[in-house]
2 protein chains.
Amino acid sequence: MPHIKLDENLAGIRSLAQFRPDTGKALYDLAQALLKQNSSLGEADSELIATFVSHLNGCHYCKSSHGSVAKYLYGDNASTVDKVMEDYQNAPIPEKLKALLTIAKAVQKDARTVTTEIVDEAKALGASDREIHDTVLISAAFCMYNRYVDGLATISPTDPAYYEPMGERLAKFGYVPPQK
Amino acid sequence: MPHIKLDENLAGIRSLAQFRPDTGKALYDLAQALLKQNSSLGEADSELIATFVSHLNGCHYCKSSHGSVAKYLYGDNASTVDKVMEDYQNAPIPEKLKALLTIAKAVQKDARTVTTEIVDEAKALGASDREIHDTVLISAAFCMYNRYVDGLATISPTDPAYYEPMGERLAKFGYVPPQK
């Protein structure tokens, strides 16, 4: 049960954006800028990083919702996303993306542990400054979204089927706050 | 030295908002909504929570900048802010604010450790749902800002005098992204 009184017909961040619409708008604007067309990483890889960080933070709602967006975008029957969550170093993804996931992981743990070495490794594999920037900000932002959703104990449906249509909707139409 | 090429005349998040203005705008809009007039907690206590979380995350730039805003707003020669950073449980602040700082601390560590007990304690001391919400979101948001600033190794001046005029400016005029 949520720690504060929220609309029980809404789950996760949607219930919080309805509770306080002005911060909700800024949070959705940030997700839209970070994960959609303007992301230097492309939408699928951006969502994959968001899912990976949510997985590390143990946030079921964010992992499930962004995981379903990533699965929809990769369109490979969930194979890539599941393999990255299990063991990203041996997943069937480009080496550059693995290096970016290593940076995202350091940011999630403690951002002061992002070393010149792991950044240089990503650069050597072709990552641009903008891609490194976007990776750090996606990881940092999901350290916020995850804490917001779990710190207020929002509703987090356990049935994977709940998240499937959400994944398709977010992939197609982007991040728009819930309407009253 | 920053991990990516940033304007060397700007420090901390200001250099990042200039690097990527669209995400910068969403991040400044969020800070403005969370820390200024619309905060249920009042501006001084909101900035105090932001400073406390930045302190826990070891983010020198955010702790110094928001600490100087809080010091300006409390207007007590920095006494309250310094005492809260040192030992908030024994600082000269209301019991309700101590209970909210306990929630902020749990969110910073791992949001899944926010228990019904610590939330009920804050409620018993008079905290509203909106104040609890705002505390959780401020803590979560600074877990993002701190990671963003430190994950890219932005410039963080060591001289406390650097942050004093910034504290007064942010207190008076709020959060506005840097102009080119």
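This one's a predicted model, so the numbers in the text were calculated from it and none came from an experiment. In what follows, every chain begins at residue 1, and chains take the letters A, B, ... in the order their sequences are listed.
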Next item on the list: Counting only heavy atoms closer than 4.5 Å, note whether Tyr28(A) contacts chain B via side chain, backbone, both or neither.
Entry: neither
Checklist line | Pair Ile118(A)-His3(B), side-chain contact (heavy atoms from CB on, under 4.5 Å): steps then yes or no | finding: CA-CA 10 Å; Ile118(A) 64 172; His3(B) 290 314; over 6 Å; no
Notebook entry, point to check: For atom NZ of Lys36(A), is the number of surrounding heavy atoms from other residues, nucleotides or ligands below 6.0 Å larger than 12?
Noted result: yes
Checklist line | Selection from Thr116(A), Asn146(A), Leu34(A), Val136(A) maximising heavy-atom pairs under 4.5 Å formed with chain B | finding: Val136(A)
Note to self: Check for me, please, whether Ile4(B) and Ile155(B) land in the same ILVMFWY cluster - side-chain distances under 4.5 Å, paths through other members count.
What the structure shows: no
Check: Considering only heavy atoms, which portion of Tyr145(B) lies under 4.5 Å from any heavy atom of chain A: side chain, backbone, both, or neither?
Finding: neither
Checklist line | Contact listing (chain A partner; residues 126-135 of chain B; heavy atom under 4.5 Å) | finding: Asp129(B), Arg130(B), Ile132(B), His133(B), Asp134(B)
Item checked: Euclidean distance, Asp29(A) CG relative to Thr23(B) OG1, rounded to 0.5 Å -> 11.5 Å
Margin query: For Leu30(B), run the side chain to side chain contact (heavy atoms under 4.5 Å, CB included) check against Leu30(A), Leu27(A), Asp22(A) and tell me which one passes.
Written below: Leu27(A)
Check: Considering only heavy atoms from C-beta outward, does the side chain of Asn38(B) approach that of Arg20(A) to under 4.5 Å?
Finding: yes
Note to self: Nearest 0.5 angstrom please: Met144(A) CE to Phe142(B) CZ, how far?
What the structure shows: 11.0 Å
Margin query: Using only non-hydrogen atoms and a strict under-4.5 angstrom cutoff, which residues of residues 46-62 of chain B touch chain A?
Written below: Asn57(B), Gly58(B)
Next item on the list: Sort Lys123(B) into side chain, backbone, both or neither according to what part of it lies under 4.5 angstrom from a heavy atom of chain A.
Entry: side chain
Item checked: Which of Asp150(B), Val119(B), Leu137(B), Val149(B) touches chain A most, by non-hydrogen pairs under 4.5 Å -> Leu137(B)
Check: If you count heavy-atom pairs under 4.5 Å with chain B, which of Ala26(A), Ala140(A), Ser139(A) comes out on top?
Finding: Ala140(A)
Margin query: Under a 4.5 Å cutoff for heavy-atom pairs, which residue among Leu152(B), Leu6(B), Thr115(B) has the most contacts with chain A?
Written below: Leu152(B)
Could you pull out all donor-acceptor pairs under 3.5 Å where a side-chain atom in residues 158-171 of chain A meets a protein atom, sequence neighbours excluded?
from	atom 1	to	atom 2	distance (Å)
Asp159(A)	OD1	Ala161(A)	N	3.0
Tyr163(A)	OH	Pro157(A)	O	2.7
Glu168(A)	OE2	Lys172(A)	NZ	2.6

Check: Can you name the residues of residues 81-111 of chain B that have some heavy atom under 4.5 Å away from a heavy atom in chain A?
Finding: Val107(B), Gln108(B), Lys109(B), Ala111(B)
Notebook entry, point to check: Between Met1(B), Lys5(B), Gln32(B), which has the largest tally of heavy atom pairs under 4.5 Å with chain A?
Noted result: Lys5(B)
